[in-house]
Every structure is written in C-alpha cells, then in structure tokens.
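Below is one structure, written out as structure tokens, with a few remarks after it.
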2 protein chains.
Amino acid sequence: MITTLRALAEPHRFQIVELLRDGPRPVGDMVHRLRLRQPQVSKHLRVLSDAGLVDVRVDAQRRIYALRPAPFQELEVWLERYRRLWEDNFQRLDALLDELKTKEKKRGRTKR
Amino acid sequence: MITTLRALAEPHRFQIVELLRDGPRPVGDMVHRLRLRQPQVSKHLRVLSDAGLVDVRVDAQRRIYALRPAPFQELEVWLERYRRLWEDNFQRLDALLDELKTKEKKRGRTKR
DNA sequence: CTTATATATTCCTATCCACGAATATGTCTT
DNA sequence: AAGACATATTCGTGGATAGGAATATATAAG
C-alpha cells in the first residue's frame, strides 16, 4: 500500500498513470505527450514497474506499458474502510458529544 | 490529489491515519501507541493538517485530531475512473489483439 | 505565580530521490 | 555488418524531508 502510494505521489508519475488509464502506450508516446525527457520517463516507469503498477510488453524496439489493475483494486479495498467517515454519522456524533462536554467545562468563564 | 497522496505515502503518517480511522485521538495517545517521539508525531500531524487530511479540536492542554472525510472522498472519486481496469475487459481485449499481432510478426523466426 | 502537563517549533544533519547529461542496450532496416 | 531508432541505465548533483535534541508555547493545578 505504501509502495503504491509512494509511486503515485510523484507528479510526473501520476501523470503517466493518468495517461495509461486510457490504455497501453509506448514510452515515446508518453515522452511526447508529457514533454518530459525520455530517460526520466523510463526511470519513472521503472519505479512504477517495481511498485507493480504497470507492466511491459515488448513490441519490436518499443515497450508498451499498461496499468496493472491489482494495486488499484487494493487501494479501493483499503479506501472502503474509510467510507464510514462520511456515510455514517460516526465522528460527527463523537465530535458533537465532545463539543458539548467542552462547553460545559467552559461554562462561566471567558473564552481564551 | 498529489498532496493527499504525498501525505499518505509516509509510513508513520499512514499509521497515524489508520489510527484515526477508528476515531479522534489526542497526540499523546498516538505517541504511546505508535512508539514514536512526541515531536515527530506533532510534525507528522502538521503535514497531515496542511494537506487537509485532519483537523484539530482543542481540549484543555490536549489537541484532539480527527480525519477529515473530504480528501478520502476525493480519492474515491479519482479511483472510480480506474474501475474499468478490472470491470470491463478493456485493456485485456487490447492486449489480446496486440499479442496476436506480435505472434503474426514473429511467424517463422526464433524468439530472441 | 510557580510548577506540571501536553503539544508545537526550531535547528541540525543524514538520507533519499528527481533531474540532467552522457552512455549503454536492444531491435529493426538495408 | 552498419546505421537508425527506441528505450534503459549510470553517474553526479541539488533540493526536499524525516528524525533527533533542545526549546518554546499553552493550559491546568496548586
């Protein structure tokens, strides 16, 4: 999970991933679209590959990169456990109770 | 989005977020549970706060930190656009077609 | 007002990593 | 086999940042 997040957290890599969302692409195409230098793109792809976010298919001299679904699925599974943050009242209820408690404590004195 | 990812990509911050998933907590509690030194926890919380992932509520000398739902919702919205990766056939079809093309090209010669 | 408790900030340092430049590897074409 | 094309790797460097130690700030308690 951390590996996935770290890989995605770099802006250029994020852009590469966003590009690949629309389908597999060769390196040169990404170089052109993102206006980055070829070595940097290759290096970012290496990081993404090591993180398991992409895989490569060889087509003559070209390498076609594509997203691997697995890490994105894992991200989604992880995120699901945070749904309650906005779907339940959950912390809102908690915060409300705490606030009431705070007000009670402060009764009779000036704030700050 | 990048801001959110960067904040989550650091292991200790990730742990803090995981802790806060179960509800708001004061700093000292996290220090104790994660066995980190207090200044580091405060610094990580600062980063999380700047990234909009948490907010603080003052309770006497203590500060109670809680997750903010918004960034997690945004993450989920972003992730939704990647669902097709595994729900459709999408790239699988694409890859299949490419593979057929490759085999055709290679017909009659030795691999590598 | 002094002390204790809880948290935040500052300063320093070592480490990591993204970039640029140069070069290497691999494959196609002729 | 030679050159062209596509991609990968290496090396060096500057900037960002996490951690440690010390200190500052804020509130509570006596």
Residues B:R84 and A:D22: closest non-hydrogen pair is NH1-OD1, 4.3 Å
Judged by atom type as modelled, is there a donor-acceptor pair below 3.5 Å linking the side chain of [X] to the main-chain atoms of [Y]?
X     : Y     : value
B:R13 : B:L8  : no
A:R21 : B:R81 : yes
B:R68 : B:G52 : yes

Quick one, B:E76 with A:R83, criterion salt bridge (Lys or Arg N to Asp or Glu O under 4.0 Å). Give me CA distance, side-chain angles, the key distance, then yes/no.
CA-CA 9 Å; B:E76 184 137 279; A:R83 281 238 180 84; 2.6 Å; yes
Let me test you: for the helix from C:dC1-D:dG30 to C:dT30-D:dA1, what is the angle between the axes at its two ends (five pairs each), rounded to 10 degrees?
20°
Distance, rounded to the nearest Å, where [X] contributes [atom1] and [N] contributes [atom2]:
X     : N      : atom1 : atom2 : answer
B:Q15 : D:dA18 : CD    : C1'   : 14 Å
B:D59 : D:dA26 : CG    : C1'   : 13 Å
B:I16 : C:dA8  : CD1   : P     : 11 Å
B:L48 : D:dA18 : CG    : C1'   : 13 Å

Can you see whether A:E18 engages B:W78 through a side-chain donor-acceptor pair at a distance of less than 3.5 angstrom?
yes
Once you measure the plane-to-plane angle for A:F72 and B:Y82, does it fall in the parallel (<30°), tilted (30-60°) or perpendicular (>60°) bin?
parallel
Worked check of salt bridge (Lys or Arg N to Asp or Glu O under 4.0 Å) between A:D59 and A:R63:
CA-CA 6 Å; A:D59 175 33; A:R63 314 286 167 102; over 6 Å; no
Please list, for nucleotides 13-17 of chain D, all pairs of protein and nucleotide N/O atoms separated by less than 3.5 Å.
{"from": "D:dT17", "atom 1": "OP1", "to": "B:R6", "atom 2": "NH2", "distance (Å)": "2.5"}

For nucleotides 3-12 of chain D, just jot down a letter per nucleotide in 5' to 3' order: B, S or -, based on protein non-hydrogen atoms under 4.0 Å.
---SBBBB--
Would you tell me if any nitrogen or oxygen in the side chain of A:H44 comes within less than 4.0 Å of OP1 or OP2 on C:dC17?
no
Pairwise distance [atom1]([X]) to [atom2]([Y]) - rounded to 0.5 angstrom:
X     : Y     : atom1 : atom2 : value
A:D50 : A:T3  : CG    : OG1   : 10.0 Å
B:R57 : B:Y65 : CZ    : OH    : 12.0 Å
A:L45 : A:H12 : CG    : NE2   : 13.0 Å

